[in-house]
Number of protein chains: 2
Amino acid sequence: MDKKTVLIVDDEKNIRILLKDFLEREGFSVLEAQDGRQALELFNEKCEELNLVLLDVMLPELDGWTVCREIRKLSKVPIVMLTARSEDFDEVHGLEIGADDYVKKPVKPTTLVARINALFRRIEPDESKTVMSYDGLEIDDSSHVVKIDCQEIALSPKEYTLLVLLVENKGKVISREQLLNQVWGYNYYGGLRTVDTHINRLRMKLGSKGEAINTIRGFGYKFEG
Amino acid sequence: MDKKTVLIVDDEKNIRILLKDFLEREGFSVLEAQDGRQALELFNEKCEELNLVLLDVMLPELDGWTVCREIRKLSKVPIVMLTARSEDFDEVHGLEIGADDYVKKPVKPTTLVARINALFRRIEPDESKTVMSYDGLEIDDSSHVVKIDCQEIALSPKEYTLLVLLVENKGKVISREQLLNQVWGYNYYGGLRTVDTHINRLRMKLGSKGEAINTIRGFGYKFEG
DNA sequence: TATAATGTTTACAAAACTGTAACAAAACTT
DNA sequence: AAGTTTTGTTACAGTTTTGTAAACATTATA
């Protein structure tokens, strides 16, 4: 998987910096433009290597709408439009003139990246993955692979199901009854202590990451502190 | 461009009706489900003809997250997740487990349709690949020929179908139920162990390449590690 | 601090799962 | 119609997984 290049077009410098930093940390390569004219120039020049354009709607000189339409004429590069003021938030129009997503500012970088990845996943279906991750723990449910620091570990069916449930509800306490219902089935008849045993086995196999499974005395278990 | 089929999954009847009416007026064909279990059943049955799933997060029985993950395991059908309550609005998680868009209710039908169209615009008409290959294994679906290191091998119909399904979903775990549904037909009534037997026969015929078929204890089989 | 309540760990037998072989029914060929 | 191939089921064995109980540890409570 090669590095993706993103062009950020925004007239506010702090926003460009914020997004650029975050995207680079996520492994993207980033170009910047501060107005529509510059954006189009850069686009013409680097068209081939661009994978995505992050386009603000309010721009000096040439507005985002126009830039979006121009780019669409030339290329199929995905475009995400950003908008700040609610009166500019004509989502339907934005999508109709060729944007692939349309997002209201302020946008959390994590969210933005998640949306960008979802977009890429669509375009290059080979890399489609459904991963949950936390710290160095990675769960790909479609391939059923659990990794700790990129090292695959083997879990039994119950352990796996339990882990997925915990991670999925990370931050929330889940009672033993709930765990029994979800993992063992709602008409399962068995002792609650069984859950403890499995939690224990899971913790062992997760090694240091096992500490992310917290005991909430009297209530149940919770993933993450 | 033929008519697109959308599956609406929501437990609120008025929302289903509202969306259904609107989508049908826009030229879509619509199916409905009111809970997660029903959604998955419908999905298994109509998998082939579906183009999009509109999935509410809050559902009785099986929640939207689970449904989304299940669908993702087997298919590349786009999924749009809807959510009503803000505490359920974990956009990043939704997108990570395979949703293509994630929208907060109440959503204007016009907006929704614009987003759906933007999604479809991205998806290229899949040139139905006829040749699949993995390592020294080559499957030409148009001529029905399977080769190992350029050496043609003979597979029975069931073995062939099974292999194609596995290879098409390489890297993904497929449950015995799913294999039965896809290979033997949706309303086939027969034991799950039958799948094991055929997997076994397939492995034999594939020789060393047979090792690419992995057993995922408690869940099913997966092609490739 | 003593006691009760709750959670953790260990050990082991029971249960569940899978691979394989054998067999008979069904489908297909000739 | 006889022979061949494909198919579904069952049974058995080896292995892994699982549930339970009991001992052990920890935390709360009086």
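Just so you know, these numbers come straight off a predicted model, no measurement behind them. Just so we're on the same page: letters track the sequence lines, and every chain starts at 1. Keep in mind that the numbers below use all heavy atoms, side chains included, and drop hydrogens, waters and symmetry copies.
- Rounded to an integer number of Å, the gap from CZ of A:Arg176 to P of D:dG19 is 15 Å.
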Check: How does each nucleotide of nucleotides 4-16 of chain D score, in 5' to 3' order, for protein heavy atoms under 4.0 Å: base (B), sugar-phosphate only (S), or none (-)?
Finding: --SBBBB----BB

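- Residues forming a side-chain contact (heavy atoms from CB on, under 4.5 Å) with A:Tyr186 (at least two apart in sequence, or on another chain): A:Asn181.
- Residue pairs meeting the ring-ring contact (aromatic ring centres under 6.0 Å, His included) criterion with at least one partner in residues 190-216 of chain A, sequence neighbours excluded, are A:Trp184-A:His198.
- Computed from C1' positions of five pairs at each end, the angle between the two local axes of the helix from C:dT1-D:dA30 to C:dT30-D:dA1 equals 30°, rounded to 10 degrees.
- DNA chain C is contacted by both A:Ile216 and A:Met204; A:Ile216 maps to the nucleotide lying nearer its 5′ end (nearest heavy atom per residue).
- Judged as a side-chain contact (heavy atoms from CB on, under 4.5 Å), and not counting sequence neighbours, the contacts of B:Arg193 are B:Asp196.
- On the nucleic acid side, DNA chain C has its first and last nucleotide under 4.0 Å of a heavy atom of chain A at C:dA5 to C:dT10, going 5' to 3'.
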Only distances under 3.5 Å count here; give the side-chain donor-acceptor pairs of residues 143-151 of chain B to other protein atoms, sequence neighbours excluded, each with its distance to 0.1 Å.
from	atom 1	to	atom 2	distance (Å)
B:Ser143	OG	B:Asp140	OD2	3.4

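- Qualifying side-chain contact (heavy atoms from CB on, under 4.5 Å) partners for A:Ser75, counting only residues two or more places apart in sequence or in other chains: A:Phe43, A:Cys47, A:Val77.
- Residue contacts for B:Tyr160: at a heavy-atom cut-off of 4.0 Å it reaches no nucleic acid atom on any strand shown.
- Ring-centre distance between B:Phe219 and A:Tyr160: below the 6.0 Å cut-off.
- Annotation: side-chain contact (heavy atoms from CB on, under 4.5 Å) contacts of A:Ala118 (sequence neighbours excluded): A:Arg121, B:Leu95.
- Residues forming a salt bridge (charged side-chain N to carboxylate O under 4.0 Å, His left out) with B:Asp56 (at least two apart in sequence, or on another chain): B:Lys105.
- For A:Lys205, the salt bridge (charged side-chain N to carboxylate O under 4.0 Å, His left out) criterion is met by A:Glu159, not counting sequence neighbours.
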Can I get a per-line list of side-chain donor-acceptor pairs under 3.5 Å for residues 11-20 of chain B, giving both atom names and the distance, sequence neighbours left out?
from	atom 1	to	atom 2	distance (Å)
B:Arg16	NE	B:Glu32	OE1	2.8
B:Arg16	NH1	B:Asp10	O	2.8
B:Lys20	NZ	B:Glu32	OE2	3.4

